[in-house]
There are 2 protein chains.
Amino acid sequence: MTSRHVESDLSLAILGLLAVAPMSGYSLRKVFLTTALKAFSGSPGAIYPALRRLESEGLVEGTVEQKDTLRPRKVFGLTRRGREVLADSLSRPVGRKDVIWGMDRLLLRFSFMSGLLSRERTLEFLNALASHTEDYLKELEAEYKTMGSGRSSFTGRAALEQGVESYRTTARWARKTLDALKKRASL
Amino acid sequence: MTSRHVESDLSLAILGLLAVAPMSGYSLRKVFLTTALKAFSGSPGAIYPALRRLESEGLVEGTVEQKDTLRPRKVFGLTRRGREVLADSLSRPVGRKDVIWGMDRLLLRFSFMSGLLSRERTLEFLNALASHTEDYLKELEAEYKTMGSGRSSFTGRAALEQGVESYRTTARWARKTLDALKKRASL
DNA sequence: TGCAGCATGTAACCTGTTACATGATTAG
DNA sequence: CTAATCATGTAACAGGTTACATGCTGCA
């Protein structure tokens with residue numbers, strides 16, 4: 001049993017990618033270096049240890065290709081348990097804290113939901129994401145107002161403005177995507 | 001001499017706050033727990049070690065109040081060198097990488113610029129931030145288009161959409177703030 | 001009296017970073 | 001032939017998280 005969810009964002013991203021198609025460590029690296037998942041390390045010192053951790057937890061399994069060469073290419077795929085844990089990690093409840101400290105992770109989770117989570121679960125997730133984001137947005141807006149135009153610095157105020165705009169954008173995106181998803185028959 | 005800049009975001013945030021007014025570790029904690037800087041740890045296990053590191057580097061200096069009590073309150077302030085290093089950290093050049101991997105830090109830096117950096121330096125910074133953000137935005141938009149509506153998952157596409165929207169918002173904010181700043185006489 | 005909040009800290013642990021290291025294969 | 005790219009890994013280090021620990025102060 002142990003933990004029914006993945007700890008680090010990198011590990012979650014790896015599981016999510018391997019759920020789509022089995023890959024070697026090096027291929028994962030290339031994905032992290034070249035696609036929109038650029039935000040992730042992509043450094044071998046992060047990926048290979050992460051893969052070994054996931055393997056020791058029984059979530060991924062590496063099968064060696066080209067056994068004859070000295071440095072064989074190892075292709076990793078999800079185990080059944082790996083797929084379960086991934087689905088569990090994706091469907092964990094969304095809280096206010098996640099919106100404040102873990103928005104990146106929420107979006108990462110969302111990006112992997114197609115095919116792994118039911119439409120209902122996905123709707124639930126997006127709904128929670130949207131409302132918590134709107135709540136926090138209100139709070140930030142309040143703070144911005146009380147800040148006032150006096151006594152606080154121009155750049156400080158502007159930076160907070162960026163934060164407000166950022167959450168506003170995310171809230172709008174979440175509502176829009178929620179609507180789009182509702183109109184769909186399937187995921 | 002050693003490093004002329006601060007490594008971690010937390011340390012930078014601490015220096016920035018202490019530049020405004022001297023504070024105790026506990027007060028810093030409260031700021032991180034209650035204001036828009038919530039994004040930072042605020043855990044004592046992060047703040048107190050960070051303060052000791054900064055002190056050992058000669059960037060901050062703690063003076064003890066109420067010497068009689070067993071557990072005295074220590075108020076930290078910037079040293080002259082601390083102020084120099086902070087200004088240097090704020091004025092480091094902005095690169096493409098910063099926009100991809102360190103946007104939070106860029107905004108943190110910007111928020112502290114008033115009073116520490118010249119108007120010209122601040123304009124330079126915002127300008128670089130804006131153009132690198134626009135560059136990266138174009139790249140993301142291109143990736144979104146090549147993704148196409150076929151073969152890729154609904155949630156994956158939607159997540160990328162969020163990324164695009166997010167960078168778009170930041171780019172707009174940067175340009176808007178740049179204009180506002182240009183119209184100003186001083187910072 | 002007891003509890004919440006003030007105030008400071010330590011220690012184990014986890015994970016990511018940087019830098020280094022090895023060797024195979026392929027293209028110019 | 002040699003440089004880039006494929007492909008996998010290790011080791012030292014840094015910094016944050018969680019949990020624990022201490023003791024004071026004010027208030028109900």
Side-chain angles (χ1 to χ4, degrees), chain A residues 2-3 5-15 22-34 37-57 60 62-76 97-98 100-102 104-105, chain B residues 2-3 5-15 22-34 37-57 60 62-76 97-98 100-102 104-105:
Chain A
T2 60
S3 66
H5 67 106
V6 181
E7 296 301 335
S8 81
D9 285 9
L10 180 60
S11 297
L12 183 63
I14 289 175
L15 284 191
M23 272 188 189
S24 69
Y26 192 77
S27 304
L28 285 166
R29 237 190 117 200
K30 273 193 301 182
V31 171
F32 290 135
L33 291 173
T34 58
L37 281 84
K38 231 184 287 302
F40 289 94
S41 63
S43 82
I47 291 180
Y48 292 107
L51 277 170
R52 251 179 305 116
R53 276 197 299 274
L54 291 171
E55 198 170 29
S56 77
E57 290 163 24
V60 305
T63 57
V64 180
E65 286 181 350
Q66 305 158 330
K67 292 186 201 88
D68 46 341
T69 50
L70 285 179
R71 213 156 265 248
R73 187 181 132 92
K74 232 193 208 161
V75 175
F76 290 89
K97 288 176 186 174
D98 299 305
I100 301 175
W101 292 296
D104 285 354
R105 176 157 190 148
Chain B
T2 61
S3 66
H5 67 107
V6 182
E7 296 302 337
S8 81
D9 285 9
L10 180 60
S11 297
L12 184 63
I14 289 176
L15 285 189
M23 271 186 189
S24 68
Y26 192 77
S27 304
L28 285 167
R29 237 190 117 200
K30 273 193 303 182
V31 171
F32 290 134
L33 291 173
T34 59
L37 280 83
K38 231 182 287 302
F40 289 94
S41 62
S43 81
I47 291 179
Y48 292 107
L51 277 171
R52 253 180 304 116
R53 277 197 299 275
L54 291 171
E55 197 169 30
S56 77
E57 290 164 24
V60 306
T63 58
V64 180
E65 285 182 351
Q66 306 157 329
K67 290 184 202 90
D68 45 342
T69 50
L70 284 180
R71 212 155 265 247
R73 187 181 132 90
K74 233 193 207 163
V75 175
F76 291 88
K97 287 174 188 174
D98 299 305
I100 301 176
W101 291 296
D104 286 353
R105 177 158 191 146

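Given the structure is predicted, the values throughout are model-derived calculations rather than measurements.
Of the side-chain N and O atoms in Arg53(A), none sit less than 4.0 angstrom from OP1 or OP2 of dC14(C). Distances shorter than 4.0 Å separate some side-chain N or O of Tyr26(B) from OP1 or OP2 on dC6(C). Neither OP1 nor OP2 of dG15(D) sits under 4.0 Å from any side-chain N or O of Ser11(B). The phosphate of dG23(C) (OP1 or OP2) has no side-chain N or O of Arg73(A) nearer than 4.0 angstrom. The phosphate of dC6(C) has neither OP1 nor OP2 within less than 4.0 Å of any side-chain N or O from Arg29(B). Taking 4.0 angstrom as the limit, Ser41(B) places a side-chain polar atom (N or O) nearer than this to OP1 or OP2 of dT17(D). Here Ser43(A) reaches the OP1 or OP2 of dT17(C): one of its side-chain N or O atoms lies under 4.0 Å away. Between Ser24(B) and dT8(C) there is a side-chain polar atom (N or O) within less than 4.0 angstrom of OP1 or OP2. Of the side-chain N and O atoms in Tyr48(B), one or more sit less than 4.0 angstrom from OP1 or OP2 of dT8(C).
The interatomic distance linking Leu28(A) (CG) with dC6(D) (P) rounds to 14 Å, in whole Å. One atom, CD of Glu7(B), and another, C1' of dG16(D), lie 15 Å apart when rounded to the nearest Å. In this structure, Ile47(A) places its CD1 atom 14 Å from P of dT18(C), rounding to the nearest Å. Counting to the nearest Å, the C1' atom of dA14(D) and the CG atom of Leu12(B) are 17 Å from each other. If you take CE of Met23(B) and C1' of dC6(C), they are 15 Å apart, rounded to a whole angstrom. Distance, Leu33(B) CG to dT8(C) P: 14 Å, rounded to whole Å. Rounded to an integer number of Å, the gap from Arg105(A) CZ to dG16(C) P is 10 Å. Atom CZ in Phe32(B) sits roughly 16 Å away from atom C1' in dA7(C) (whole-Å rounding).
Glu57(B) contributes atom CD, which lies 8.5 Å from atom CD of Glu7(B) (distance to the nearest 0.5 angstrom). Remark: Leu28(A) CG to Phe40(A) CZ distance equals 12.0 Å, nearest 0.5 Å.
When all heavy atoms of Ile47(B) and Ile14(B) are compared, the closest pair comes out as O-CD1, 4.4 Å. Annotation for Ser11(B) and Ala50(B): closest pair OG-CB, 4.3 Å, computed over non-hydrogen atoms.
With distances taken from any side-chain atom of Lys30(B) to the nucleotides dT8(D), dG16(C), dC6(C), the minimum falls on dC6(C). Listed candidates were dG16(D), dT10(C), dG16(C). Nearest to the side chain of Leu10(A) is dG16(C).
Under the salt bridge (charged side-chain N to carboxylate O under 4.0 Å, His left out) criterion, Arg52(A) pairs with no residue at all, not counting sequence neighbours. Not counting sequence neighbours, Asp104(B) has no partner by the salt bridge (charged side-chain N to carboxylate O under 4.0 Å, His left out) test.
When the nearest nucleotides of DNA chain C are assigned to Ser8(A) and Lys74(B) by heavy-atom distance, the more 5′-ward of the two goes with Lys74(B).
If you check every strand for non-hydrogen atoms under 4.0 Å, Gly25(A) touches sugar and phosphate atoms only.
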